[in-house]
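Both counts, for ligands and for their atoms, begin at 1 and track the order of listing. Below, each value reflects all heavy atoms present in this structure, side chains not excepted, and no hydrogens, waters or symmetry copies.
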Amino acid sequence: MTQPKTKVRVGAAARRVKALAPLLLALAPAAAPARPTPTLSGVWIFPPSEEFPGLRMMRLTQGADGWQGTITSDWYGDLPVQAVRVRGGEATFLVDNGNPRLPPRRWTLSLEGVNVHVVGDIWHRHVDVRVRHGTAADAQRLTFPAAQLPQAAILKPDGLAATPPMGWSSWNRFGAAIDDKTVREIADHLVSSGLRDAGYRFVNIDDGWQGTRGPDGAIRPNARFPDMKALADYVHAKGLKLGIYSSPGPKTCAGFTGSYGHVEQDARTFAQWGVDYLKYDLCSGEGIYRTAAEVKLAYQEMGQALRATGRGIIYSLCQYGRDRVGSWGRDVGGHLWRTTGDIEDNYAAMAAIGFDRNGDPADAGPGGWNDPDMLEVGNGGMSDDEYRTHMTLWAIEAAPLMLGNDIRTMSPATIALLENRNVIAIDQDPLGKQGRRVRKDEDAEIWTKPLADGSVAVALFNRGSSAREIRLMPADVALPRVASLIDLWAGVPDNPDRRSWTVPAHGAVLVRLSGEKLSRP
Ligand code: GLA
């Protein structure tokens, strides 16, 4: 059951606009008459543009509390303008698009006859444009649809994602240039390469599949995806599952149509197509859902909509690890949640995420997983040792394993890294504990992960740029009596008494130790 929706618009900006609406409409002239005293107040109309951020109109008014206003755009709805200062025919204000990494940006306005010259910045776009006075009818036509959010609720676990989801995603290798043919070929190769049988089951279409909405409001794929249902059938016939991507915002990160205002309808459409996995990416929603509570409700809204379809759909939250998402991801129906911004195919970026931005292990376990982002193994930007570190980190962290490469053209070295069943078994261990760093010694790091059968996975990482010896200390592992030691990458048993390894630059060793604890609790 979905919760009844609150009937209020979201956010301070929206509330302010609502309060201002009658005044603004009164201020907007029926036509655009010559004004005896030029003024900045009123409704200002931007020339139509499909380009980010799709500026529509600006509303400014002077009230008892000074100047207030909003800038309305296709990406962000009504953004409040802040700290407005007006002097004669000139004004400045700040615009904050809700991204915590960017400070609010300064905009300047100057009256030029009957128009206003607007200069400012938003996200990474510079705006320099002339706008015209609008009418009440313009304001009504360009008004952004109000967001409604459900009342807070906690969704019960649904039993999915008992172990971290595994599969392939289009984004890291193909970006938005993804199509039906490529997805089918990837499905074929997941089977023929053995990757499916090694556990990689999801074929996830990331951003770039969306077209426009039909007259009934239903989202339609773009021309590169002629028939989503047929594609899902094809993928299912191979023993695989299909994943798709959307955003709680009006626009996705690559500028495609998001689910804003159509959340339940989109969930139903995805279920009808036969979708098994949804990645829901905040993107432009950060300008609309401006508090942690609103972002959480926006994710809850889709979580409830997916549940209401009755289809078991894995729900992947992507809001870059903000607002301690691991502490509430499960409550909104999430099975995995990103802990970080985007990975890149280089050692520095991968290591920064894998070693330090992988989420709190206490949040992870069967049903809900920290997601340090998709794999870059095989994309060419790292050495084999660096990719081995990448896989070892993701496995010991019980991270979702989403292949990010073109599996149609893999080298034997890439296949060996991705298909090693001993390593995958560490990631997929049913106990579902996320491994932790137990010791750091300059460039050396020792991580451990307890496993369901009482054994322990131990990873030794060398973050330095030359090979070095790394020793395992008795205190590192709660198994003083080691009966067996398996080198997981080599796939061979090693001497149970071995405690020292030479680890290559940026490389890793992964072993599985079993034995007896000296004292049992
Ligand atoms: C964001 C996400 C990426 C990818 C792109 C698609 O950047 O973090 O993983 O989905 O959007 O536009």
Atom 12 (O) of ligand 1 has as its nearest protein heavy atom Asp207 OD2, 2.8 Å
Near Asp206 (heavy-atom distance under 4.0 Å), the atoms of ligand 1 are 4 (C), 6 (C), 10 (O)
Among non-hydrogen protein atoms, atom 1 (C) of ligand 1 lies closest to Asp281 OD2, 3.0 Å
Tested for salt bridge (Lys or Arg N to Asp or Glu O under 4.0 Å) against Asp158, the lone hit among Arg307, Arg330, Arg311 is Arg307
inquiry  = Testing the 3.5 Å rule here: is there a donor-acceptor pair between the side chains of Ser247 and Asp281?
reply    = no
Looking only at side-chain N and O atoms, does Asp179 offer a donor or acceptor that is under 3.5 Å from a partner on Thr182? yes
Within the supplied structure, the quantity of interest is the number of heavy atoms (other residues, nucleotides, ligands) at a distance under 6.0 Å from Lys181 NZ; does it exceed 12?
no
of all protein heavy atoms, closest to atom 3 (C) of ligand 1 is Asp342 OD2, 3.5 Å
protein heavy-atom neighbour closest to atom 5 (C) of ligand 1 works out as Trp171 CE2, 3.6 Å
The atoms of ligand 1 lying under 4.0 Å from a heavy atom of Ala254, numbered in the order shown, are 12 (O)
Sorted by chain and number, sequence neighbours left out, salt bridge (Lys or Arg N to Asp or Glu O under 4.0 Å) with Asp206 holds for Lys279
Ligand 1 atoms nearer than 4.0 angstrom to some heavy atom of Cys318 are 8 (O)
* To do: Measure centre to centre between the rings of Trp209 and Tyr245, then say whether the value is under 6.0 Å.
  => no
Ligand 1 atoms nearer than 4.0 angstrom to some heavy atom of Lys279 are 3 (C), 4 (C), 9 (O), 10 (O)
- State whether a side-chain donor-acceptor pair under 3.5 Å links Asp188 with Tyr234. yes
Could an N or O of ligand 1 be found under 3.5 Å from any N or O of Arg338, whether backbone or side chain? yes
